[in-house]
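Here's the structure, in structure tokens; my notes come after.
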2 protein chains.
Amino acid sequence: MPLQFIRSSLFASPKNLLRTLFLVTKLRSLAMGSYTASSQSSKLFFRQLFEKESSTYTYLLADVSHPDKPALLIDPVDKTVDRDLSLVKELGLKLIYALNTHVHADHITGTGLIKTKSPGVKSIISKASGSKADILVEPGDKVSFGDLFLEVRATPGHTSGCVTYVTGDGPDQPQPRMVFTGDALLIRGCGRTDFQGGSSLQLYKSVHSQIFTLPKDTLIYPAHDYKGFSVSTVEEEMLYNPRLTKNQETFKGIMENLNLAYPKMMGIAVPANMVCGLQDTTS
Amino acid sequence: MPLQFIRSSLFASPKNLLRTLFLVTKLRSLAMGSYTASSQSSKLFFRQLFEKESSTYTYLLADVSHPDKPALLIDPVDKTVDRDLSLVKELGLKLIYALNTHVHADHITGTGLIKTKSPGVKSIISKASGSKADILVEPGDKVSFGDLFLEVRATPGHTSGCVTYVTGDGPDQPQPRMVFTGDALLIRGCGRTDFQGGSSLQLYKSVHSQIFTLPKDTLIYPAHDYKGFSVSTVEEEMLYNPRLTKNQETFKGIMENLNLAYPKMMGIAVPANMVCGLQDTTS
């Protein structure tokens, strides 16, 4: 029941008023349902890391119940690779994968540098991105680390090769689920759709079909935040995202009129990120 | 058993070598014990928020099992008050307290502005700070919100009035515990001790007696981070904090030789923060 409907029907008739009050209460209690701000698993270790210049979040996940403590990094940044690898070492984790959600235009990925400094780590990106990496994933693929795994979902629209990684569904997997949305869905926002094969209609469909269909308490961890938010939930974004709560046509209009400047880093970052951030390597 | 000791004894004798290997293993498994990166409670709602200019973390906590959903904000910043209050409103929480860990020198607190925009909210700071606020807390005091509470611990050294807030100890309280250390203990660092009644020896004693005595899996949430870390644990800082793992004399030497610039905001922020960030109000 969309909020718009509730508002428009508010003063129609006494019967409708009662019905509306019931719906408002229901909606309010629904909004109250997804309060969990952290995910629990006896296996999962999780850290959120931030790169201030490009406002990028990097995520470190590991299965600490496994003897090897296998770990992965999502969306590492070249400038903070030493910080990330130092933390991995201090915690006694074994980094096995460095993943990207997409070919970033605002910073250089750290995956190539990580592979240089920590041989054995495999880089991962979507096949649809057209980039080089050790492993090219497709929708439905699983990225396993120990007994835990991430599921790959295609969420094009910001770029044509964007994917979203979702923690597994199952008794041993983290609850609530966690979704790493890249630039497809940001907290109270979304990535721009005006370059790199972007499409506002495609992004709208991606978010509604691949992210908003997840359980409402799923924790949303985006690739960026510019306002100081660290996490949101599917329910919160379905209620309060100022763009994606609109209908498809209105969303298209919003995205067409953002009038954003061309990204300063684009000419350097995109070609570099097609080859794991290192121009002189093949993966 | 400090790491230094283990290293120095490494090649002393075969017997010592065996003992050392045992200790290294023990230390390593100890370091592996505190992997939890989030706290669980059926009652607690928690969000970490960031103000980029001063690299300040603001924390939102609420008891969502209570009918009123009472909430509090720790170390709010004046520039992000609207963001914080908007989030509180969207989540249906009832903000009752706005707390400061100390009189900040690098930004203006949001507590006064919050009181103006959201009447009924009470400001809280330590009595030892010498500042004005609705409630002046002392060591051992409890700040209750619903069935949850924060315990006040005196942690002077960065300023003479610094306190640390720790989530309660008990069956209904969050596990692991969470500690909001202000500038007393930062992730792999600590606050400076060269003004506002600062004292390196006092800070050393505060951290070792009030924070490092907490359970090793206690999650550390500082008032600032400049490197993009979001959380640490007592165990991690006891093992890897480059300053506070040193002995008291070495720590004093480090703190005396930081050669930091005088904070740009100090002349404005400190007098303002003595009165909740609003020069023209009394609390």
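Chain letters run A, B, ... following the sequence lines, proteins first, then strands; residues in each count from 1. Below, all heavy atoms of this structure are taken into account, side chains as well, without hydrogens, waters or symmetry copies.
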Item to check | From B:Ile187 atom CD1 to A:Leu87 atom CG, the distance as rounded to the nearest 0.5 Å | outcome: 9.5 Å
Item to check | Listed partners of B:Thr101 passing side-chain hydrogen bond (donor to acceptor under 3.5 Å, both in side chains), at least two apart | outcome: B:Asp75
Next on the checklist: Test of understanding: with side-chain hydrogen bond (donor to acceptor under 3.5 Å, both in side chains), list the residues that count as partners of B:Thr250, not counting sequence neighbours.
Outcome noted: B:Asn247
Item to check | Between CZ on residue A:Phe229 and CG on residue B:Asp84, distance to nearest 0.5 Å | outcome: 8.0 Å
Next on the checklist: Within a 6.0 Å radius of atom NZ on A:Lys227, are there more than 12 heavy atoms belonging to other residues, nucleotides or ligands?
Outcome noted: no
Next on the checklist: Strictly below 4.0 Å, N to O, side chains only: are B:Glu236 and A:Arg47 in salt-bridge contact?
Outcome noted: yes
Next on the checklist: Any non-hydrogen side-chain atom of B:Asp225 less than 4.5 Å from a side-chain atom of A:Lys52?
Outcome noted: no
Checklist entry - Is a donor on one side and an acceptor on the other found under 3.5 Å between the side chain of A:Ser230 and the backbone of B:Leu49? => result no
Checklist entry - Quick one: what part of A:Glu51 sits under 4.5 Å from any heavy atom of chain B, side chain, backbone, both or neither? => result neither
Item to check | Test log, rule side chain to side chain contact (heavy atoms under 4.5 Å, CB included), inputs B:Glu90 and A:Arg188 | outcome: CA-CA 12 Å; B:Glu90 285 176 352; A:Arg188 310 292 192 267; 2.6 Å; yes
